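Numbers for residues simply follow the sequence, beginning at 1. In this text the structure is predicted, and so the values were computed from the model without any measurement. Just so you know, these numbers use all the heavy atoms, side chains as well, and skip hydrogens, waters and symmetry mates. Atoms within a ligand are numbered from 1 in the order they appear, just like the ligands themselves.
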Amino acid sequence: MPRTPSQPRLFADPAVNLPPGFYYRPGAVGADGQRDLYAAVQEIARVAPFTHARTRNGMTSAAMTNCGEAGWWSDPKGYRYQTHRPDSPEPWPPLPDIFLKIAAAAVAETPWPDFVPDACLLNFYGEGAKMGLHQDRDEKDFSQPIVTVSLGDDGDFLIGGLTRTGRSEVLPLHSGDVLVMGGDSRMRFHGIRKVHSGTSPLPGLAGRISLTFRKAL
Ligand code: MD3
Ligand code: FE
């Protein structure tokens, strides 16, 4: 991992200038690490399968699951974190050690070295899936960052402003990339504009999976 916390430069694409509060580690997770993370994802998905959540306007385009003390969920009643699985009193599977290790490594040289996630929302993007511009505001403490790890297909990540109408930039994300968002950027609008089907380097994974670590409670 490249490391210069005071100077978050580390851009894979020099054309993209990331705003303050973003710490980008392109390719931080190598092939073996990605394989181990994906094995842990499959174990989670065996217990708590990926499903499309219902929203006010239909269904999420990405299929989702969670692990940790709480999981993000949505139904026509609204968005929230809940400590049990959808339509079940069962808890979400625990955060695997390998997830906690990756999250700790990701924040080690950021302004949030003590970040410990209590939730991980996993998004699966199949062919054509995307995620519209939104803010993450269901967590209790916005002083805590969000950490994300990408697996599988390349995806075009949209970084917007602090209002919906601000202009947005695209950051192409690849399998193994790690991104931390905090501080002034924690409440930025963001989304996934496009997933490039067939680009996944991970054996057995067709599609894109993002692990998004949060302090939700
Ligand atoms: C940027 N997921 O799960 S990474 C989400 O790749 C989500 O699946 C995208 O947006 C994905 O909510 C993007 C996660 C992420 C989370 C919070 C952010 C990116 C962020 C807050 C500010 C800026
Ligand atoms: Fe988000």
Side-chain angles (χ1 to χ4, degrees), residues 8 16-26 28-29 34 37 41 50-53 55 59-68 70-74 79-81 92 99 102-103 106-107 110-112 115 117 119-126 128-164 166-196 199-200 205 207-216:
V16 183
N17 232 341
L18 296 184
F22 278 78
Y23 293 80
Y24 179 36
R25 316 275 194 250
V29 184
Q34 293 174 44
L37 284 174
V41 169
F50 282 98
T51 43
H52 300 268
T55 65
M59 311 280 278
T60 58
S61 164
M64 300 169 169
T65 189
N66 291 269
C67 61
W72 186 88
W73 201 244
S74 163
Y79 305 143
R80 63 184 168 272
Y81 283 91
W92 298 99
F99 279 23
I102 285 282
V107 295
T110 71
W112 313 279
F115 171 73
C120 180
L121 166 61
L122 296 85
N123 297 297
F124 174 79
Y125 298 80
K130 47 180 107 177
M131 190 177 285
L133 271 186
H134 67 278
Q135 287 173 304
D136 286 26
R137 49 188 321 148
D138 300 317
E139 302 75 23
K140 281 235 169 65
D141 182 359
F142 299 148
S143 76
Q144 291 299 302
I146 293 184
V147 173
T148 184
V149 180
S150 295
L151 296 174
D153 283 340
D154 298 339
D156 294 336
F157 179 58
L158 272 176
I159 302 171
L162 294 170
T163 62
R164 184 175 292 283
R167 50 170 288 220
S168 47
E169 289 200 84
V170 175
L171 175 68
L173 290 177
H174 308 284
S175 197
D177 288 358
V178 174
L179 192 55
V180 178
M181 286 79 48
D184 294 342
S185 284
R186 174 62 179 76
M187 300 313 288
R188 277 184 191 276
F189 280 82
H190 60 276
I192 292 290
R193 187 172 68 179
K194 184 180 166 62
V195 168
H196 299 274
T199 57
S200 172
L205 175 55
R208 173 174 185 268
I209 290 173
S210 63
L211 315 179
T212 67
F213 297 100
R214 298 129 191 282
K215 176 90 182 67

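Around atom 20 (C) of ligand 1, the closest heavy atom drawn from Met181, Met187, Arg137 belongs to Met181. Looking at Arg188, Met131, Gln135, Arg208, it is Met131 that brings a heavy atom closest to atom 7 (C) of ligand 1. Nearest to atom 9 (C) of ligand 1 by heavy atom, out of Trp72, Tyr125, Phe22, is Tyr125.
Just one residue in the list Trp72, Tyr81, Trp73 forms a side chain to side chain donor-acceptor pair (under 3.5 Å) with Asp138, and that residue is Trp72. Among Thr148, Leu179, Val170, the single residue meeting the side-chain contact (heavy atoms from CB on, under 4.5 Å) criterion with Phe157 is Leu179.
Separation of atoms CG (Asp136) and OH (Tyr79) is listed at 11.0 Å; rounding is to 0.5 Å. If you take CG on Leu173 and CG on Asp153, they are separated by 12.5 Å, rounding to the nearest 0.5 Å. Rounding to the nearest 0.5 Å gives a distance of 3.0 Å between NE2 of His134 and NE2 of His190. Atom OG of Ser185 is separated from atom CG of Leu18 by 8.5 Å, given to the nearest 0.5 angstrom.
No N or O atom of Arg186 sits closer than 3.5 Å to an N or O atom of ligand 1. For a threshold of 3.5 Å applied to N or O pairs, the pair formed by His190 and ligand 1 contains at least one separation below that value. Between Ser185 and ligand 1, a contact under 3.5 Å exists for no N or O pair.
Cation-pi geometry between Arg186 and Phe142 is not met: the NZ or CZ atom fails to fall both under 6.0 Å from the ring centre and inside 45° of the normal.
In terms of protein heavy atoms, atom 13 (C) of ligand 1 is closest to Phe157 CE1, 3.4 Å. Atom 5 (C) of ligand 1 has Arg214 NH2, 3.3 Å as its closest protein atom, hydrogens excluded (heavy atom only). Atom 14 (C) of ligand 1 has its closest protein heavy atom at Thr212 CG2, 3.7 Å.
Side-chain atoms of Ile159 and Pro19, non-hydrogen and from C-beta on, do get closer than 4.5 Å to each other. Within the 4.5 Å cutoff, no side-chain heavy atoms of Tyr23 are placed close to those of Val147.
For His134, the heavy-atom gap to ligand 1 drops under 4.0 angstrom.
Within the protein, the number of N, O or S atoms lying under 2.8 Å from the Fe ion (ligand 2) is 3.
Atom numbering of ligand 1 starts at 1 in the shown order; those under 4.0 Å from a heavy atom of Leu121 are 3 (O). Less than 4.0 angstrom separates some heavy atom of Ile146 from each of these atoms of ligand 1: 16 (C), 17 (C).
Between the side chain of Gln34 and the backbone N or O of Val29, at least one donor-acceptor pair lies under 3.5 Å. Formation of a donor-acceptor pair under 3.5 Å by the Ser61 side chain with backbone atoms of Met131 is not found in this model.
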